[in-house]
Number of protein chains: 2
Amino acid sequence: MNGRMRIGDLTERAGVTPRTVRYYERLGLLPPGEREGHGQHYYTEETLARLEKIGQLKQLGLSLEDIRDVIDLYFTDPSGIKPKQKVLALLRQHLAETDQKIGALQRFRSDLQAHIARFERWLAERSEDTGER
Amino acid sequence: MNGRMRIGDLTERAGVTPRTVRYYERLGLLPPGEREGHGQHYYTEETLARLEKIGQLKQLGLSLEDIRDVIDLYFTDPSGIKPKQKVLALLRQHLAETDQKIGALQRFRSDLQAHIARFERWLAERSEDTGER
DNA sequence: AGCAAACATGACGTTAACGTCATGTTTGGA
DNA sequence: TCCAAACATGACGTTAACGTCATGTTTGCT
């Protein structure tokens with residue numbers, strides 16, 4: 001009745017495969033599931049939460065390496081002033097990069113709208129001349 | 001004195017390698033440079049412009065395949081109503097996807113800011129207790 | 001004509017983020 | 001206790017977007 005699930009349940013709920021979980025473990029994105037001796041691994045709800053967070057961050061275009069740098073601060077507080085300052089710097093850097101991306105995407109959006117408008121005008125003209133009921 | 005440049009000049013100006021140009025040609029992102037018989041290829045300013053545009057679109061996270069679908073409309077007008085309508089649909093789809101991405105990034109941005117604020121508060125408290133000039 | 005620099009082409013290598021397969025071990029239920 | 005389902009581990013495969021070599025051909029200059 002505690003949060004002991006095996007890899008199958010975990011991956012089913014997270015929508016990933018066991019391969020992915022093991023891969024993430026090796027990269028340091030997930031703490032390796034506990035186990036007694038050399039048997040199977042058992043995971044908790046936190047592992048699930050981490051997997052979901054990783055999914056979100058991936059969606060944003062972060063690489064697994066990028067994610068490894070920030071994932072911990074979602075689940076553990078680094079202790080001591082030095083680590084916190086380091087994390088803070090990292091966060092600010094990510095914020096700057098994010099703003100860059102948003103800006104680029106907004107410019108791209110304008111571009112697209114301009115093109116769309118152009119095509120719509122063109123098609124509108126034709127339909128006046130030609131297809132007028 | 002016309003716009004005839006060979007691949008070396010082109011790639012130097014565009015900041016890519018010949019390999020990249022040939023790769024793009026094969027994918028249909030760039031029209032193959034003209035040539036007489038079986039000699040070398042010659043490119044124009046438009047090729048350069050296309051390369052630059054491709055670079056921008058890549059920055060936005062579009063794959064080369066995505067780019068292949070839209071790159072032409074930056075440089076050539078598709079003729080006929082059908083093609084234009086098709087392109088228009090494509091553009092609208094890209095617009096929707098772009099909006100999704102922007103939204104996700106903005107949510108991520110808020111997340112980051114929240115975390116940053118949290119760390120800043122923590123660090124501020126310590127410096128009051130401890131480091132007060 | 002001769003030659004070095006630039007180009008063409010093909011083949012194999014690389015990184016990220018897993019997929020797939022083979023083989024052996026654990027578990028939980030009848 | 002026995003067995004099928006689930007798990008563990010290692011190895012090889014895959015896609016995207018090129019990099020890097022090796023080898024042979026073209027060009028531009030002297």
(message) Closest-nucleotide mapping onto DNA chain C: is G39(A) or R19(A) further toward the 5' terminus? I mean the 5' end.
(response)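 Taking each residue's closest nucleotide, the earlier one in sequence belongs to R19(A).
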(message) Let me spell it out: for each of R6(A) and Y23(A), pick the nucleotide of DNA chain C with the closest heavy atom. Which residue's pick is nearer the 5' end?
(response)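 Result: Y23(A).
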(request) Please measure how far the P atom in dA16(C) lies from the corresponding atom in dT9(D), and state the result in whole Å. (result)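 To the nearest whole Å, 23 Å.
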(message) Can you check the distance between dT15(C) and dA11(C), where both ends of the measurement are the P atom (answer in whole Å)?
(response)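 Here dT15(C) and dA11(C) have their P atoms 23 Å from each other.
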Length of the line joining [X]:[atom1] and [N]:[atom2], which is rounded to integer Å:
X      : N       : atom1 : atom2 : result
L10(A) : dA6(D)  : CG    : C1'   : 14 Å
D9(B)  : dA6(C)  : CG    : P     : 10 Å
I7(A)  : dA5(D)  : CD1   : P     : 19 Å
R68(B) : dA16(D) : CZ    : P     : 10 Å
Y42(B) : dA6(C)  : OH    : C1'   : 10 Å
H41(B) : dT26(D) : NE2   : P     : 12 Å
I54(A) : dC18(C) : CD1   : C1'   : 14 Å
L29(A) : dA17(C) : CG    : P     : 9 Å

(request) Using both distances under 3.5 Å as the test, list the Watson-Crick or G-U wobble partner of dA22(D), or none. (result)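 Check on dA22(D): paired to dT9(C), both distances under 3.5 Å.
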(message) To the nearest 0.5 Å, what is the distance between OG1 on T47(B) and CZ on R13(B)?
(response)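 Answer rounded to 0.5 Å: 10.5 Å.
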(message) salt bridge (Lys or Arg N to Asp or Glu O under 4.0 Å) for R50(B) and D72(B)? Distances and angles first, verdict last.
(response) CA-CA 9 Å; R50(B) 285 180 84 107; D72(B) 274 337; 2.8 Å; yes
(message) Looking at W122(B), I'd like to know if the NZ or CZ of R126(B) sits under 6.0 Å from its six-membered ring centre while staying within 45 degrees of the ring's axis.
(response)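 Yes - R126(B) lies over the ring of W122(B), closer than 6.0 Å to its centre and within 45° of its axis.
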(request) Kindly say if R22(B) contacts the phosphate of dT20(D), meaning a side-chain N or O under 4.0 Å from OP1 or OP2. (result)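 No, no such contact exists.
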(message) For a quick test of reading the model: is some side-chain N or O of T17(B) closer than 4.0 Å to OP1 or OP2 of dC18(D)?
(response)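 Answer is no, no contact under 4.0 Å.
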(message) Just to verify, which of T20(B), I54(B), L57(B) counts as forming a side chain to side chain contact (heavy atoms under 4.5 Å, CB included) with L29(B)?
(response)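 Of the listed options, the one satisfying the test is I54(B).
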With the side chain of [X] defined as its heavy atoms from C-beta on, choose the nearest nucleotide among [options].
X      : options                   : answer
Q40(B) : dA16(D), dA8(C), dG19(D)  : dA8(C)
Y24(B) : dA17(C), dC18(D), dC7(D)  : dC18(D)
K58(B) : dC18(C), dC18(D), dT27(D) : dC18(D)
T20(B) : dA8(D), dC7(C), dC18(D)   : dC18(D)

(message) For Q93(A) and E97(A), which I'm curious about, is there any donor-acceptor pair between the side chains at under 3.5 Å?
(response)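 Side chains of Q93(A) and E97(A): pair found under 3.5 Å.
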(request) Sorted by first residue and then second, give each side-chain hydrogen bond (donor to acceptor under 3.5 Å, both in side chains) pair with at least one member in residues 25-34 of chain A; sequence neighbours left out. (result)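 Sorted result for residues 25-34 of chain A: E25(A)-Y43(A).
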(message) Both L64(B) and P18(A) contact DNA chain D. Taking the nearest nucleotide for each, which residue is further toward the 5' end?
(response)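 The answer here is P18(A).
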(message) Does H38(B) reach a base, just sugar-phosphate, or nothing at all? Heavy atoms under 4.0 Å.
(response)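 Here H38(B) touches no strand at all.
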(request) Would you mind classifying the nucleic acid contact of R26(B) as base, sugar-phosphate or nothing, using non-hydrogen atoms under 4.0 angstrom? (result)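 The answer is nothing, as R26(B) stays clear of every strand by at least 4.0 Å.
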